Amino acid sequence: MSEQQQQSADRTEGAPRDLGDVTPGDKRDEKRDDEAVSQFVERFAAQLVEAGMQRMSARVFACLLASDSGVLTSAELGERLQVSPAAVSGAIRYLSQVDMVSREREPGSRRDRYRVHSDQWYEAMARRDNILTRWEGTLREGVESLGEDSPAGRRMGETLVFFEFLQAELAGLLQRWREHRDQMRAEYDAAR
């Protein structure tokens, strides 16, 4: 099975199985401290911003991640984050482009819902594989252009070797994660 097929299977397999999912008739944990959840969302969003994500996108992503179902409408996101629909829309556009959330139609409605999947970090890492491949090609061209023996060529060559090493390790790491995740899910299902 190709990496792309595996990613698709992982996404399909994991989509309805978020460990904190709540079905429509379920009540939220009444012991939950909404203020503490809000503080978590803002704290995690700030850390994502420090890592380079846009601020509103980080807040929307953290809010979705902290919701029981992992699914919220634009209105629900705006209400929880106290922001305008336009701010939510821009954040969702970015998060959709980088495959961190998906858009789906709310059953029986014309409203869209936005879902964060349990495997979003796996997906983000798997996409890095494609990026690394492109960078490696460009770096090879750079080494050839500069000459392997020039100081810049040697520096660029070392960067190329680093990315080749990282890409080789990433494939094994992702496979080990899939095995670990499947075992974790089986244990969770057995405990239910």
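Quantities reported herein were computed from a predicted structural model and do not represent experimental measurements. When a residue number appears, it is its place in the shown sequence, counting from 1.
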*Check the pair I92, S74 against side chain to side chain contact (heavy atoms under 4.5 Å, CB included), reporting the backbone distance first and the verdict last.*
CA-CA 9 Å; I92 289 295; S74 181; over 6 Å; no
Interatomic distance, [X] atom [atom1] to [Y] atom [atom2] [nearest 0.5 angstrom]:
| X | Y | atom1 | atom2 | answer |
| --- | --- | --- | --- | --- |
| D119 | R178 | CG | CZ | 11.0 Å |
| L64 | R113 | CG | CZ | 11.5 Å |
| L77 | S89 | CG | OG | 11.5 Å |
| S102 | L95 | OG | CG | 11.0 Å |

*For side chain to side chain contact (heavy atoms under 4.5 Å, CB included), just list the numbers for E136 and L160, CA-CA rounded to whole Å, side-chain angles, deciding distance to a tenth of an Å, and then say yes or no.*
CA-CA 6 Å; E136 288 169 16; L160 171 61; 3.8 Å; yes
Pairs in or reaching into [range]: which pass ring pair (Phe, Tyr, Trp, His ring centres under 6.0 Å), with residues at least two apart or in two chains?
| range | value |
| --- | --- |
| residues 69-111 | none |
| residues 42-85 | F40-F44, F61-W121 |
| residues 66-85 | none |

Run the side chain to side chain contact (heavy atoms under 4.5 Å, CB included) test against [X] and tell me which residues pass, sequence neighbours left out.
| X | result |
| --- | --- |
| V83 | M56, R59, L81, A87, V88 |
| E148 | V143 |
| L173 | L170, R176 |

*Evaluate side chain to side chain contact (heavy atoms under 4.5 Å, CB included) for V101 paired with R115, printing each intermediate quantity in order.*
CA-CA 5 Å; V101 301; R115 176 182 295 275; over 6 Å; no
*Taking the side chain as every heavy atom from C-beta outward, state whether R105 and R110 have any atom pair closer than 4.5 Å.*
yes
*Kindly indicate whether the side chain of E104, heavy atoms from C-beta on, has any atom under 4.5 Å from the side chain of V71.*
yes
*Output every pair passing salt bridge (charged side-chain N to carboxylate O under 4.0 Å, His left out) with a member in residues 151-168, not counting sequence neighbours, ordered by first then second residue.*
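Non-adjacent pairs meeting salt bridge (charged side-chain N to carboxylate O under 4.0 Å, His left out): R140-E164.
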Please check if [X] and [Y] belong to a single hydrophobic cluster, counting links between Ile, Leu, Val, Met, Phe, Trp and Tyr side chain heavy atoms closer than 4.5 Å.
| X | Y | answer |
| --- | --- | --- |
| L132 | M156 | yes |
| M100 | V116 | yes |
| V49 | V98 | no |
| L166 | V161 | no |

*asked:* Taking ring pair (Phe, Tyr, Trp, His ring centres under 6.0 Å) as the definition, give me every residue that meets it alongside F163, ordered by chain and number, with sequence neighbours left out.
replied: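 Partners of F163 by the ring pair (Phe, Tyr, Trp, His ring centres under 6.0 Å) criterion, ordered by chain and then number, come out as W135.
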*Please name all residues satisfying ring pair (Phe, Tyr, Trp, His ring centres under 6.0 Å) with Y114, sequence neighbours left out, ordered by chain then number.*
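Ring pair (Phe, Tyr, Trp, His ring centres under 6.0 Å) check on Y114 returns nothing, list empty.
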Heavy-atom pair of closest approach, residues [X] and [Y]:
| X | Y | value |
| --- | --- | --- |
| L146 | A152 | CD1-CB, 3.9 Å |
| A45 | A58 | O-CB, 3.5 Å |
| S67 | G70 | OG-N, 3.0 Å |

_Over 12 non-hydrogen atoms of neighbours within 6.0 angstrom of CD in Q47_ =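 Atom CD in Q47 is crowded, with more than 12 foreign heavy atoms closer than 6.0 Å.
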Kindly write out the residues that satisfy side-chain hydrogen bond (donor to acceptor under 3.5 Å, both in side chains) with [X], not counting sequence neighbours, or none if the list is empty.
| X | answer |
| --- | --- |
| T73 | E76 |
| Q54 | S57 |
| E187 | Q183 |

_Test your reading of the model: is there a side-chain donor-acceptor pair from S96 to the backbone of R93, 3.5 Å cut-off?_
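No.
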_Any donor-acceptor N/O pair, S145 side chain to E141 backbone, under 3.5 Å_ =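 Answer holds: yes.
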